[in-house]
Amino acid sequence: MDNRLYANIEAGMHNLRGVEVRGAAGIGKTTHTLSAGYNSSEGYIANSDYDIYNLFWQTRLQLNETDKLDLNLRFNDKNYGANTFYSAIYPEQYEQTSSYVGTLKGEFEKRFKMIPILYWNCHHDQFDLVRGTDFGRNFHRNDMYGANLIFTYPSVLGITSLGGEIRKEDIMSSVLGKPMAEPHRKYVMYDDRINTSVALEHTVTWNRWIASAGILMNHNTILKGTYKFYPSVNLSYRPADEVKFYTSWSRSTRMPTFTDLYYTTETHHGNDGLRPERSESWDVGVKYNSRLVTAYLAGFLLWGRDIIDWVKETPEATKWASWNMTKINTRGIEAGVKFRLGELVPLLGEPASLALDYARMHQSCDTQDLISVYSLNYLRDKFTMKFNHRIWNGFSADWYFRFQKRMGSYEKYEALKKVGDEPYPAFSTLDLKLNYQYQEITFHLTFNNLYNTHYFDRGNIPQPSFWLIGRISYVIK
């Protein structure tokens, strides 16, 4: 592998600044990659400032042509003003988090492929309801570690995959969990659970047909000895090289998080009696791909039961409560087309393209009278247009237009006093990025939200207005 070095520097409005350096080097049978980055801003509204540090290391040992070992280590540290993130009543919320992730993955292949994986993820969190004070302050430490083992065996009958995972999740906290027999420093609460799963899947290819079927067996200790099975089926057909029809069906689940179960504070009330979510989904679609045009059309249905959400029964309620929504059914369509304009109009440059995408979704729920944070605040309509083209020599432009309409409502506050609930208005934004390539150096100038739309995407947080960002990237091969 060739040695490489990449550097990126950016600056912009609201005192935005950032730097990233990434390098790769090959030594014998090993390849090493190291990247480090820092980003910060004073924020586009009060108490939306942030400082983010990232560090990533990867080492790959190529044992032979087919066998290899990958070691990945990642560190992330983030401090940010969480203006109205969790409650509009407290605009001075603040959060400090740090994460450590380690993964060791192997890939060995002879008569069959074997992929063993070991991983560990540690997350520290300090949350202040009022920045700079201990009012509403809480601490958490999450650890998640486990092992995967995957076997893949090809034969004349198709490809068979068998995999298993065992994962332990635990939390020490000042508010989440059950009381500890002996407090550990600032932590007085604790809980854990073990998740075990085994999955079997078989795929068959015949002429222009591909079919696969599988089943997942899952056990989680919070279910107290109950084993659950989740099947899935996929089918696709190519009547021609450019066209593919496909459909799939599956059942799945989601366990409540420790936050869902236990987070009881000045603004929220957890529920340790929550049941796991259950869902069943089906989708069908068609894709077309040629030298000049790529297009797709798809429809989907999702039947959800016991969906977990944070809700209020009345607008006057002062706390969000963790709740199982009895039934939520979702249906929708997605469609899109991409034109490779460089093939049609060479003046626009070879990579030039125009992409149009639209999605529409509708939900029905048996508890429409509730005020929901997530489930009932769904994105009903979203249309995007992406257009990139050459301007002259090394100059090019990328345009991105978005229109969307979200259902549900947000709590409107004036002078920290609630004045009512308002539906989300439809809105549109337009972004432009100008690029200039000179040898190994690339210059970018980004104009986000060109016509300065004021909007709420979800929740009570106003989104950024016009934001100008400049960036320089340098690559040494």
Student: Can you see whether Y455 has R406 sitting over its ring - NZ or CZ less than 6.0 Å from the centre and within 45° of the normal?
Tutor: no
Student: Closest heavy-atom contact between G273 and N271?
Tutor: N-OD1, 2.9 Å
Student: Write down the atom of E277, the atom of T253, and the distance for their closest heavy-atom approach.
Tutor: O-OG1, 2.6 Å
Student: Between C365 and M325, what is the shortest heavy-atom contact and its length?
Tutor: SG-CE, 4.1 Å
Student: Could you give all pairs that pass the ring-ring contact (aromatic ring centres under 6.0 Å, His included) test and reach residues 165-198, with sequence neighbours left out?
Tutor: none
Student: Compute whether any side-chain donor of one residue and acceptor of the other, for H219 and T196, lie under 3.5 angstrom apart.
Tutor: no
Student: Looking at S428, is its backbone amide N or carbonyl O close enough to the side chain of T453 to form a donor-acceptor pair, meaning the two atoms are under 3.5 Å apart?
Tutor: yes
Student: Centre-to-centre under 6.0 Å for Y100 and F75, is that the case here?
Tutor: yes
Student: Scan D260, T257, I222 and name whichever one has a side-chain contact (heavy atoms from CB on, under 4.5 Å) with L274.
Tutor: D260
Student: Is the terminal nitrogen or CZ of R22 (NZ for Lys, CZ for Arg) located under 6.0 angstrom from the six-membered ring centre of Y6 and within 45° of that ring's axis?
Tutor: yes
Student: Donor-acceptor pair, D125 side chain versus H140 backbone, under 3.5 Å?
Tutor: no
Student: Answer yes or no: is there a donor N or O on one side and an acceptor on the other, between the side chain of T203 and the main chain of S212, under 3.5 Å?
Tutor: no
Student: Is the Lys NZ or Arg CZ of K287 less than 6.0 Å from the centre of Y246's six-membered ring, within 45° of the axis?
Tutor: yes
Student: Can S197 and N218 be counted as having a side-chain donor-acceptor contact under 3.5 angstrom?
Tutor: no
Student: Taking the six-membered ring for Trp, is the centroid-to-centroid distance between Y38 and Y53 below 6.0 Å?
Tutor: yes
Student: Could you check T30, N72, T33, D70 and say which one makes a side chain to side chain donor-acceptor pair (under 3.5 Å) with R60?
Tutor: D70
Student: How far apart are the closest heavy atoms of W320 and I371, and which atoms are they?
Tutor: CZ3-O, 3.4 Å
Student: Is the side chain of S174 donor-acceptor paired with the backbone N or O of F139 at a distance under 3.5 Å, no angle test?
Tutor: yes
Student: Considering non-hydrogen atoms only, spot the tightest contact between N329 and G304 and give its length.
Tutor: OD1-N, 3.9 Å
Student: If the condition is side-chain hydrogen bond (donor to acceptor under 3.5 Å, both in side chains), which residues does N220 pass it with, not counting sequence neighbours?
Tutor: N195
Student: Please confirm whether the ring centroid of Y80 lies under 6.0 Å from the ring centroid of Y50.
Tutor: no
Student: Do the side chain of T264 and the main chain of G270 share a donor and acceptor less than 3.5 angstrom apart?
Tutor: yes
Student: Give a yes or no answer on whether the side chain of D283 reaches the backbone of L301 with a donor-acceptor pair at less than 3.5 Å.
Tutor: no
Student: Using the ring of each side chain (for Trp, its six-membered ring), is Y44 parallel, tilted or perpendicular to W467, with breaks at 30° and 60°?
Tutor: tilted
Student: I'd like to know if the side chain of D431 and the backbone of N448 have a donor-acceptor N/O pair within less than 3.5 Å.
Tutor: no
